[in-house]
Amino acid sequence: MTKIVGKEQFSELVTLLEIDAPRIARQRKPGHFVIVKIGREGERIPLTISMADPEKGTISLVIQKVGVTSHKVTALNPGDELTDVVGPLGHATHIEKLGTILCAGGGVGIAPMLPIVQAMKEAGNRVISVLAARTKDLIILEEQVRAHSDEVIIMTDDGSYGQKGLVTQGMEEVIKREPVNQAITIGPAIMMKYAAALTKKYNLPTVASLNTIMVDGTGMCGACRVSVGGKTKFVCVDGPEFDAHEVDFDELLMRLGAYQDEERADYERYLKTIQ
Amino acid sequence: MTDFATYLKEERDQEWREELRKQIKNKERTSFERVKMPEQKPDIRNRNNLEVNQGLTEEQAVKEAQRCIDCPNPTCITGCPVNINIPKFVKKIEGGDFLGAAKVLKETNGLPAVCGRVCPQEVQCESQCFYTQKLKKPAVAIGNLERFAADYERNSGSISIPETDKPNGIKVAVIGSGPGGLAAAGDLAKYGYDVTVFEALHEIGGVLKYGIPEFRLPNEIVDVEIEILRKMGVKFIKNFVVGKTASLEDLKDEGFQAFFVASGAGLPRFMNIPGENYVGIFSSNEYLTRMNLMGAAKEEYDTPVLKGRNVAVIGGGNTAMDSVRTAKRLGADRAMIIYRRSLQEMPARVEEIHHAQEEGIEFLNLTNPLEYFADNKGRVNRMRVQKMELGEPDSSGRRRPVPLEGSEYDIDVDLVVVSVGVSPNPLIPEAVKGLDVTKWGTINVDPESMMSNIPGLFAGGDIVRGGATVILAMGDGRKAAAGMHKYIKHSIQKN
Ligand SMILES: Cc1cc2nc3c(=O)[nH]c(=O)nc-3n(C[C@H](O)[C@H](O)[C@H](O)COP(=O)(O)OP(=O)(O)OC[C@H]3O[C@@H](n4cnc5c(N)ncnc54)[C@H](O)[C@@H]3O)c2cc1C
Ligand code: FES
């Protein structure tokens, strides 16, 4: 059992939970994720760690309500408990002084992007962050990202905040303007697909952090497999970060949709039960 | 004569054994038919998840035990990886002392209720039985009797908690809670150590829980064994991946003096053929984990699983049988095994193959998958296979399958489970610097002590052997516990 010690509601859909996990807080590095399960009957879902406070022994997770499990998680409050939390899992982000780093985070992907922005900045890089979302409400952690970035560009689909347009527009603006040494992208698979296509055009090395369906998160099942450079990789143990130009995003999108029908039906049924 | 042979002879010479031998003539004993294990009917059980085998009744068990002629040279024992004193426990059953039989089993095997159900007896003890070897008749049903004695003890309410030495306060860690880890933990607790078992998943039991289905090994049986270990003082920490949640060094700093790694061979292998990543194609580990560990088929559980009408399971091992029979139970119209060799070469337990056949599983033997095809949403809908024939024996001694040119054809499938083997779990080998591993990723250990090249780090089970068996993992666990005991005593003396 893992206690929830803090909660912040970013928007109707997006919630930050701070949980008491001293060992994970001590071990985690930018890029790591945890697997969370609530209740005996719950499913195991991967959540990338946003920030951690090793002194206090806590980590924070940012969750967007999309289905039964994320709904249950975001409904929890300080004092409540998560049945199972395991981690930190996956390989940490490779942090190095490279020059200028372009960090592109979409939606809740901004949360796991934050520690990478911070670490890249601390390593001595010039960091430009592009934060993108559908609408103003879904742009999260802007202040914190600003604190560790040399520049922040905000993009919204509906133009309700920052510039109107997609993440790729914000990225291209930077790439055209100045030399960039590496791009990092975290967000919905479709966004990363287009971000990767853009940077490929400019031959800009790019890392994408993939969030596939997972079960165990320890390499045991292969639910998280994805083709990278024509080879099958397990995101939980070989990733979650890969060379974005080698990732087969179409396959990733197809596999992410595997349970769409079942999950939508389950979620609708669940929403009825809690009304 | 070796010590072990002397021990066996002394035991056999005991009065009660002689008495029993006299009661029935060998000629009569060998005329008895092997007692058939009561089973659920095939067309009923393939729609439920209850155990297939129902267990022998007391009368049946005694009757079967009477078949054993209590050989002066019990060859059956040579077939048992942990050297259970088989005739002794069988004769206890014949004499009606069922709890006594269970006690004999537990001298060498901590999980007899599990082994009685899942050991491949037909290639172990029962293959060396006098009946098989000399009479060419069905062996004494040693496995069924083992299960009977263990179940009898569990149901009697007087299950014994093994005695443990006075706590010595020395902390030792077991990594992984499969049969290897559980066996080591039990013995280490008996020696008086302060034992902690670390498990990555949210359940204790390893493959016994996430892999082997309820209809073959109910979880409840494993839980009883775990409860006994708890009562012996063993601590279990779930959701803890050693090497990630904490390093081995961290645990050393926290006072752990020695480690037993039983992290299993959890990594599923795929065939790397076109289309293998389509939706609806699973590894057997994923398929079985969703069902067994995550309860995917049950309404109240959140984890989903795709159901199939035409299910193909690739492979011929226990894992393949478990997967295909699970698919049938979930309502598949066609549940097929696709295996590239013939029935004779199948590595699965014969009983499972037999049960699968009875349950209406189709066997497409000498058939190999080539490619998968999918609908416009990426869900698999067809597969291409090729016929094979058997050629010369390969390094494993089995005849090598050779493709028959021009024999390709397509099968409609909407769910595929790939069950072509597993590789060792790389978490520990990756996390421990300087650890000596083979090119297959298994950990190299000294075969006597089970210690690796890192002092104080022991290993056993599938992480050392590759995909093997429950009983071999347990045997390793016990050996390693003895090795750790020696190592710790030695290092204490030195300091
Ligand atoms: C479906 C299936 C059916 C089978 N049927 C049979 C059968 O009928 N008869 C038979 O004899 N054998 C059978 N086997 C094989 C048998 O189950 C294995 O040989 C045996 O379980 C190996 O035991 P183990 O203790 O080495 O590892 P496992 O049982 O694999 O347990 C390893 C455990 O370690 C945990 N772990 C791994 N890394 C870490 C880490 N870093 N930190 C913490 N925990 C970790 C894993 O989560 C896992 O729980 C079957 C296997 C499968 C998959
Ligand atoms: S989630 Fe199971 S192998 Fe990656």
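Proteins get letters first, then strands, A, B, ... in listed order; numbering begins at 1 in each. On a predicted model such as this, the values are computed, not experimentally measured, just so you know.
- Of all the listed residues (A:Ala21, A:Pro88, A:Cys221, A:Gly42), the one sharing the greatest number of non-hydrogen pairs under 4.5 Å with chain B is A:Cys221.
- Neither the backbone nor the side chain of B:Val418 comes within less than 4.5 Å of any heavy atom of chain A.
- For A:Arg44, the parts sitting under 4.5 Å from any heavy atom of chain B are the backbone and the side chain alike.
- Between the side chains of A:Thr199 and A:Thr206, at least one donor N or O sits under 3.5 Å from an acceptor N or O.
- Taking B:Leu306, B:Val241, B:Thr289, B:Leu293 one by one and counting their heavy-atom pairs under 4.5 Å with chain A, the maximum is reached by B:Leu306.
- Each of B:Pro268, B:Gly266, B:Gly378 has some count of heavy-atom pairs under 4.5 Å with chain A, and the biggest count is that of B:Pro268.
- Heavy atoms of A:Lys37 lying under 4.5 Å from chain B belong exclusively to its side chain.
- Judged by distance alone, the side chain of B:Glu276 and the main-chain N or O of B:Met271 form a donor-acceptor pair under 3.5 Å.
- Of the candidates A:Asp84, A:Thr2, A:Thr83, A:Asp84 is the only one forming a side chain to side chain donor-acceptor pair (under 3.5 Å) with B:Asn239.
- With respect to chain A, the highest number of heavy-atom pairs below 4.5 Å among B:Val422, B:Asn272, B:Leu267 belongs to B:Leu267.
- Interface remark: B:Tyr278 contributes backbone and side-chain atoms alike to the contact with chain A (heavy atom separation under 4.5 Å).
- When atom types are taken as modelled, the side chain of A:Glu81 and the backbone of A:Met1 share no donor-acceptor pair closer than 3.5 angstrom.
- Contact annotation for A:Ile213: only side-chain heavy atoms (C-beta onward) come within less than 4.5 Å of a heavy atom of chain B.
- The backbone N or O of A:Gly90 lies less than 3.5 Å from a partner atom in the side chain of B:Lys244, making a donor-acceptor pair.
- Between the B:Asn292 side chain and the B:Lys209 main chain, no donor and acceptor come within less than 3.5 Å of each other.
- The most heavy-atom pairs under 4.5 Å with chain A, out of B:Thr245, B:Asn425, B:Leu201, come from B:Thr245.
- Considering only heavy-atom pairs separated by less than 4.5 Å from chain B, the leading option among A:Arg40, A:Glu43, A:His32 is A:Glu43.
- Residues A:Met254 and B:Asn277 share a closest heavy-atom pair of CE-O, 3.5 Å.
- A donor-acceptor contact closer than 3.5 angstrom links the side chains of B:Asp250 and B:Ser247.
- Formation of a donor-acceptor pair under 3.5 Å by the A:Arg26 side chain with backbone atoms of A:Pro54 is not found in this model.
- The candidate with the highest count of non-hydrogen atom pairs below 4.5 Å against chain B, out of A:Asp216, A:Ile24, A:Asp248, A:Thr232, is A:Thr232.
- Between chain B and the options A:Lys231, A:Arg28, A:Lys72, the largest number of non-hydrogen pairs under 4.5 Å is found for A:Lys72.
- Using a 4.5 Å cut-off between heavy atoms, B:Glu430 touches chain A through its side chain atoms alone.
- Contact count versus chain B (heavy atoms, under 4.5 Å) is highest, among A:Gly87, A:Gly67, A:Gly222, for A:Gly87.
- Using a 4.5 Å cut-off between heavy atoms, A:Thr218 contacts chain B through both its backbone and its side chain.
- Contacts with chain A were tallied for B:Arg290, B:Lys238, B:Lys377; B:Arg290 has the most, counting heavy-atom pairs under 4.5 Å.
- Interface remark: B:Phe270 contributes side-chain atoms only to the contact with chain A (heavy atom separation under 4.5 Å).
- Between the side chain of A:Glu251 and the backbone N or O of A:Ser227 there is at least one donor-acceptor pair closer than 3.5 Å.
- Under the 3.5 Å distance criterion, with hydrogens and angles disregarded, a donor-acceptor pair is assigned to the side chains of B:Glu214 and B:Asn219.
- For the options B:Gly243, B:Pro426, B:Ser423, B:Pro304, heavy-atom pairs under 4.5 Å to chain A are most numerous at B:Pro304.
- Interface remark: B:Glu199 contributes no atoms to any contact with chain A (heavy atom separation under 4.5 Å).
- Other residues, nucleotides and ligands contribute over 12 non-hydrogen atoms within 6.0 Å of the CD atom of A:Gln9.
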